[in-house]
There are 2 protein chains.
Amino acid sequence: MSTRERIIDSAMAIVRDQGVTKLTLDEAAKVAGISKGGVLYHFKSKDDLIRGMVQRLIEQCDQLNHEHYQRQPEGVYRWARTLVHACFDPNGPAFDPVGGALLAAVTVNPDLVAPIQAMYDRWMERIKSDSPDLERAGLICTAMDGVYFQRLMGINLSDAEGAERLKRHALDLLK
Amino acid sequence: MSTRERIIDSAMAIVRDQGVTKLTLDEAAKVAGISKGGVLYHFKSKDDLIRGMVQRLIEQCDQLNHEHYQRQPEGVYRWARTLVHACFDPNGPAFDPVGGALLAAVTVNPDLVAPIQAMYDRWMERIKSDSPDLERAGLICTAMDGVYFQRLMGINLSDAEGAERLKRHALDLLK
DNA sequence: TTTCCTATACCGTCCAGCCGGTACAGTAAG
DNA sequence: CTTACTGTACCGGCTGGACGGTATAGGAAA
């Protein structure tokens, strides 16, 4: 794996394990096993590093969505179903909150969220394209955001089995 | 209004207007019109200040919920309906992101979210008490979290009228 | 030799927390 | 009444450390 990728991994791990405020160039370098100079060679500023993290997050989300899309049977609500499955995929970025990048971005510089907004817009287009009842699909997608939000914040509205039931219920509504 | 309350107000305003990273004791003091020493007299540390902000947020949420609960007609899903109305109340803490306190808490010290978790637990108890279909109520509450999340992050899944339709759709499901 | 990558040393700034003070009550003895 | 004392609220300077960013040199591979 390239050094650049290792640095992003490290930054993600820091945000996940220690919190956003502990994400410093020094710490990222230490975790990645190189010096601060090395980090600053690959990312010309801290903002740039966060941009890289957000980029990574988006790529992982897109890839996961495409994987699940392929696996979903054709028919109405295919994209919405995809989103639900992706949201609950234990190996996806929705778990193991790689999405700490989001928090880091919002915290340090709200402008860095722009690419995420673009990702949302893309999703919304897809949802629109194959959802007979847009209100219903929208509600469920928003609920998926809620799930993600709770995980990010470390808040639990329901336990593990509750989450499983939520997922099934959402999918039931998309038949 | 007491100085202590004024300081919390100022801290909230800073998070809202300038971002979490700009929340410093100096700045809070400046906005509140007192000195840093004064701030530290009322809050013995920055964490303590944030605790105060979170506390305030919770009180506002609880109060808003009780107001809306009174206004809701009796019957099933009364608490769930309350939550939806509170979430879309333009004068509630869900708008005018006082909830920056949440972000501040998670950012600076994840432990400070604990009171929020307790608030969620209280809500969940209430929802359980009067919802015939718990899965349905849970899905909708989670969607409300999603709405809040999007507002916090400055992300829009849908526009203003889309939000209004979402609200109506949620309430239709709770009849 | 040139290019790519990494290490070391350093600078300026910012910030949390500390602390010695001030102002101003109230209050109680003399 | 007045003096002496006490507690509350607040001020503002200081310090030690952390952090972002720069400059520059070392070294390996091609």
Side-chain angles (χ1 to χ4, degrees), chain A residues 1-56 100-113, chain B residues 1-56 100-113:
Chain A
M1 194 199 307
S2 73
T3 302
R4 192 190 151 91
E5 292 305 304
R6 266 213 327 280
I7 296 171
I8 293 183
D9 281 348
S10 307
M12 295 288 195
I14 291 166
V15 172
R16 182 183 59 232
D17 301 335
Q18 305 178 245
V20 199
T21 50
K22 295 297 171 59
L23 175 59
T24 66
L25 297 180
D26 276 313
E27 188 64 19
K30 193 177 136 200
V31 174
I34 62 171
S35 74
K36 188 163 82 163
V39 173
L40 279 163
Y41 173 78
H42 291 280
F43 301 94
K44 68 177 194 294
S45 71
K46 191 179 180 182
D47 270 17
D48 203 32
L49 170 58
I50 295 174
R51 252 189 294 274
M53 296 166 73
V54 171
Q55 186 70 32
R56 154 85 66 95
L102 229 192
L103 259 189
V106 165
T107 304
V108 174
N109 182 354
D111 296 343
L112 300 178
V113 196
Chain B
M1 194 200 304
S2 74
T3 302
R4 193 189 149 91
E5 293 304 304
R6 267 214 327 279
I7 295 171
I8 294 184
D9 281 349
S10 307
M12 295 287 196
I14 291 166
V15 173
R16 182 183 58 232
D17 301 336
Q18 305 178 244
V20 200
T21 51
K22 294 297 172 61
L23 175 59
T24 66
L25 296 181
D26 274 313
E27 188 64 19
K30 191 177 138 199
V31 173
I34 62 171
S35 74
K36 186 160 73 166
V39 172
L40 279 164
Y41 174 78
H42 290 280
F43 302 93
K44 68 178 194 296
S45 69
K46 191 180 180 180
D47 270 17
D48 202 33
L49 170 58
I50 294 174
R51 252 189 294 275
M53 295 165 73
V54 171
Q55 185 71 32
R56 156 82 66 94
L102 228 190
L103 259 189
V106 165
T107 304
V108 173
N109 181 354
D111 297 343
L112 299 177
V113 197

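Numbers restart at 1 for each chain; the letters A, B, ... are given by sequence-line order, proteins then strands.
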If I compare all heavy atoms of H42(A) with all of D48(A), which pair ends up nearest, and what's the gap?
O-OD2, 4.5 Å
Between atom CG in L25(A) and atom P in dC19(D), what is the gap in whole Å?
10 Å
Which nucleotide, dA7(C), dG20(D), dC11(D), lies nearest any side-chain atom of T24(A)?
dG20(D)
How many whole angstroms separate atom CG of D48(B) from atom P of dG17(C)?
10 Å
Think T3(B) has a side-chain N or O under 4.0 angstrom from the OP1 or OP2 of dC10(D)?
yes
Can you tell me how far C1' of dA16(C) sits from CD of E27(B), to the nearest Å?
15 Å
When you measure from the side-chain N and O atoms of K36(B) to the phosphate of dG12(D), is any distance below 4.0 Å, counting only OP1 and OP2?
no
Gap between atoms CD1 and P, on I34(B) and dG13(D) respectively (whole Å):
16 Å
Write down the distance between CG (D26(B)) and P (dC14(D)), rounded to a whole number of angstrom.
14 Å
Which listed nucleotide (dC11(D), dA16(C), dT6(C)) is nearest to the side chain of S35(A)?
dT6(C)
State whether H42(B) places a side-chain N or O below 4.0 Å from either non-bridging phosphate oxygen (OP1 or OP2) of dT8(D).
no
Using heavy atoms to find the nearest nucleotide of DNA chain C for K46(B) and G37(B) separately, return the residue whose nucleotide is more 5′.
K46(B)
Rounding to an integer number of Å, can you tell me how far D47(A) CG sits from dC19(D) C1'?
14 Å
When you compare the side chain of I8(B) with that of F43(B), does any pair of heavy atoms fall below 4.5 Å?
yes
dT6(C) phosphate, OP1 or OP2: any side-chain N/O from Y41(A) under 4.0 angstrom?
no
For residues E27(B) and L23(B), determine if any side-chain heavy atom of one lies less than 4.5 Å from a side-chain heavy atom of the other.
no
Atom-pair distance (CG on L23(B); P on dG17(C)), nearest Å:
12 Å
Looking only at heavy atoms, what is the nearest atom pair of K22(B) and I14(B), with distance?
O-CG2, 3.6 Å
d(CG, L40(A); C1', dT8(C)) in whole Å
13 Å
If we only count heavy atoms from C-beta on, is the I34(A) to R6(A) side-chain gap below 4.5 Å?
yes
